[in-house]
Each structure stands twice: as C-alpha cells, then as structure tokens.
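This report concerns only the one structure given below.
Here the structure is a predicted model, which means the values were calculated and not measured. In what follows, chains carry the letters A, B, and so on, assigned in the order in which the sequence lines appear, proteins first and then strands, with residues in each chain numbered from 1.
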Amino acid sequence: MNQIVSATVPRLGPGCRLGSSESQKDMLLVPEGALKMKGPARVILELCDGQRTVGTIVDELSRLFPSENAARIESDVIGILMRLRDRGVVEDA
Amino acid sequence: MKYTPQALIAEVTHRCPLHCVYCSNPLEMQHRSGELATSDWISIFNQAAAMGVLQLHLTGGEPMARADILDLVSAGRKADLYLNLITSGVGLDEARLDALIAAGLDHIQLSFQDVEESEANEFAGTRAHALKVRLAEIIRKRRIGFTINIVVHRRNLARLDEMIGFAERSGAQRLEIANVQYYGWALRNRDALLPTRDQLRRCVQTLEAAQERLKGRLRIEFVLPDYYAKYPKPCMNGWGRQLMLIDPAGRVLPCHAAGVIPGIQFANVREQSLRWIWEESPAFARFRGEDWMPEPCRSCERRERDFGGCRCQAFLLTGDDKATDPVCTLAPAHGIVEEVVQRVNAGREGASQSGWVYRIDPPMSRAAQPPPVPAPLPS
C-alpha cells in the first residue's frame, strides 16, 4: 500500500462512521462492532472528511493544540491513520 | 455484575426463498401470522438504543421478505443504531438498495453458498446464485459497507482460493468465511458437512496467507468448526453478556439456538420490556456468572474466557444444558464429538451426498413449498 503523506486525503471507509449520540461519542461504528477511539483519534477522524488533506488536518490540530510540536502532530496523525487504514476503517479518498 | 448489550439481532421473519442445508434458524419456525408488527419493532429498536445497544442486525429468514423493511431500517437508524442488513439478496434490486441506503442502511452482508453456480444452488435448494452475483455488482457501485459471507463445509472447501478471489474482485471490504456450526438444520446434515482434519488444516493456511496478502484491501475473518478445537468457543461471548436475539414473534433469546433447550421460558417483548428481559428475566440470568458450572469448568482457568462453551451445543449433544461443551477436550462427554470426527475422517473427502435435509419454511407461509430438486452434479 502507498504511504500516507501530507497530500493524502483520508476519509472513513464505507460502512464506518463515528457514533452520533452522546453515549456513542467515543465510538467508531464498524461492520463487526465498535472501536473505542482513544485520545486524539476521535478528533483526527472527525477531520477525515474526504476533503481535507493530511497537511490541512495537521495545520488545524496545530492551531487547536498550540503547545504541541507540529512535526510531532504530523507523525502522530500519520501513525494513527496508517493503523486505521490497515484495520480497514480509513481509506484514501 | 451488570452487562450491557452491544448488539441486537432482529430475526424479522422466518420466511425465506432459500432452503440452505445448514440454516441457523430453528427447526420449528414462526409463522407469518405470528410476526411482530412494524410498530413493535420500532419500539424494540428505541428500547435497545436506550439500553446502550450500538448495532442492529436485521436478519431472518430473508429480511427483504418484510414489506416494511424500509420503515424498519429508517426507524433503527433514527434510534442511532448502526444498521446492518444480513441478506440472501433475493428481493433486492437497484431501486430497493438505493431506498435502503437513503433510509440509513450502514452495511450489507450478502451471503453466498459457493462460487460454483450448480453447487451453490444445490446447497441453497434454490436457484439464487446468479442473482447474488449480479447484486454484488450493484452493491459495489455504491458507497456502503459491504461484506461477503460464504458458509464453508466439506463439500465446498476445495474452492476456498476461488472464493477469496471472487471476494477480492467483488468490491467488498470484508469477507467472512464461516465454517458451518452444528445446530438446527446443519446438525441434521452434519455428516455430509463436517470437513476433514486435512481440509481444515489447508483452510487455515490459505486464509492466513490471504489475510496477510490482502491487508488494508480486504479484511478476512473466519470461523472454524469447533468440533476440531481443543477448547470450546466463547459462544456469543457468554450467555446474555453482549447479544440478544429477537425472533419473528417477539421472543427474546441470548442466541440463535437457545430455543432448543427445554424448560426455559423466554420472555416476549409483547409482554415485558426489553430492559426487564435483559436485566431481570430468569432465562437471561440462567448461565451468567459461574455458579451454574459443573466440573471441570468450575475450577478451570479458562472459565472466564470460554464460559464453559456453548449451552445449546451441550444440550444438543448430551441432553444436559449445564454440561461442559462436548467439543472441549476436557469435557466428560468429549467422546461424542471424537466419534463424529473419526467417522467423518474415515470417509472420502468431498464425498457426494444424496440425501440433504433441506430447510423448509414454516407451514402456512406463502413461501412454503418443497424445495426444487437441484440438477444432479457432474460426477
């Protein structure tokens, strides 16, 4: 599979969506169940709308978390997206 | 200990145009006249969501046989449930699929009986395979979660590579290779369906290699026949711990097969709230915790992992629903399973079977008719 880079446009895979009600808000609903989104994964996935590039997502997160190092944010975002793509819940738009 | 249900399996009808020789429906099915109304199901979905259920699996029978299927999907989605349709594909076309997606369907699981048309039709007892192939083409053009489910057994495991190839080309994101589990109709056909030890070994090798090769493109999940396991499966992740199933007439069960166990009164949503049934009813409490366990389960270090195995299988094979699941190599009744495995392995692999017991629909239902006699196989 190709690498995830700054220009990649990620989105949730078919049949995957973030929980909509209050009790499901940390859940990523997938065909075989639900994955609990820990830490920043939920915020990242909300930005994976099939429009924003990874670069844009990193910029937005840098503004949200100004105390974090931008390079660190980028490597975290790419790491999380790679894992979720291997898991089949994120794809390149 | 309080358990939160994760998923609700809604058997909205037992009517089905297929007659699969391993159908997981009970031998005694519910008539159309006894089926819950649309409003009953809507109430159930709302109650389930309020209890913390995340997923709704609409199944049957064939759920598309319900004239109100769009209303059911729409109501489930409005209740914030993840909507999965488990279907044979019969009754679906482009227009109905688009309507289901518009109503909020998240995911569709399409069943196949084989990749070879004549064999697929033989196992299904009807000519549905070609339609399923066309339907897969229609589904792949839409952005919806898509899983292909293929039930495997002794008579079709030789084509596992072709099945994986078919799924790879189909546009599905997931492939489930489900070895038959021996309940209901499958138990009737067990000696013809149970794979040999050698088939199973090759099956696992093939699937593991395909999982690695297709990582990130096609997710492959598989279920093995527990007759060959050393320890039992944690059936339904424990009785009444995560799942509940509602049959077409409103009976609430912890799984597909539990109705076979005599002496258990399963409450009905027509008479009790779903929450009471889950939290308070004696049927759901019956095998929660460990107090019911016999030895060797009671002192076994695996008891929190597999919960003593499947209660329905224990009853079906030993007549005692509290017995250790006989597939467990530690079970006093394990000889029952060993004897079947030995008999099957002494026979010829892929040996032809002449007398399938086909699933029939409940009497009085419109679809009830003897299954068509499939064309004889080329030998």
Exercise. Can you check whether B/N237's main-chain N or O pairs, donor with acceptor, with B/Q242's side chain at less than 3.5 Å?
Worked result: no
Exercise. Looking at the rings of B/F284 and B/Y3, which for Trp means the six-membered one, are their centres under 6.0 Å apart?
Worked result: no
Problem set entry | Side chain to side chain, B/Q181 and B/H256, heavy atoms closer than 4.5 Å | no
Problem set entry | When A/G88, A/P31, A/A34 are compared by non-hydrogen pairs under 4.5 Å with chain B, the top option | A/P31
For this session: Using the side chain to side chain contact (heavy atoms under 4.5 Å, CB included) rule, pick out the option among B/C310, B/C255, B/C23 that qualifies with B/Y183.
Result: B/C310
Exercise. At a heavy-atom separation under 4.5 Å, does B/L81 approach chain A through its side chain, its backbone, both, or neither?
Worked result: backbone
For this session: Look only at the side chain of A/Q24 and the backbone of A/S20, and say whether a donor-acceptor pair between them is shorter than 3.5 Å.
Result: yes
Seminar exercise, completed: Highest number of heavy-atom pairs under 4.5 Å with chain A among B/Q6, B/H107, B/R174, B/H57 belongs to B/R174
Exercise. Relative to chain B, which segment of A/L84 carries a heavy atom at a distance below 4.5 Å: side chain, backbone, both, or neither?
Worked result: neither
For this session: Examine whether an atom of B/E221 lies under 4.5 Å from a heavy atom of chain A, and if so say whether it belongs to the side chain, the backbone or both; otherwise answer neither.
Result: side chain
Exercise. Side chain, backbone, both or neither: which part of A/E91 has a heavy atom under 4.5 Å from chain B?
Worked result: side chain
Seminar exercise, completed: So, the part of A/V30 with a heavy atom under 4.5 Å from chain B: the answer is backbone
Exercise. So, B/T87 and B/E62: side-chain donor and acceptor under 3.5 Å apart, yes or no?
Worked result: yes
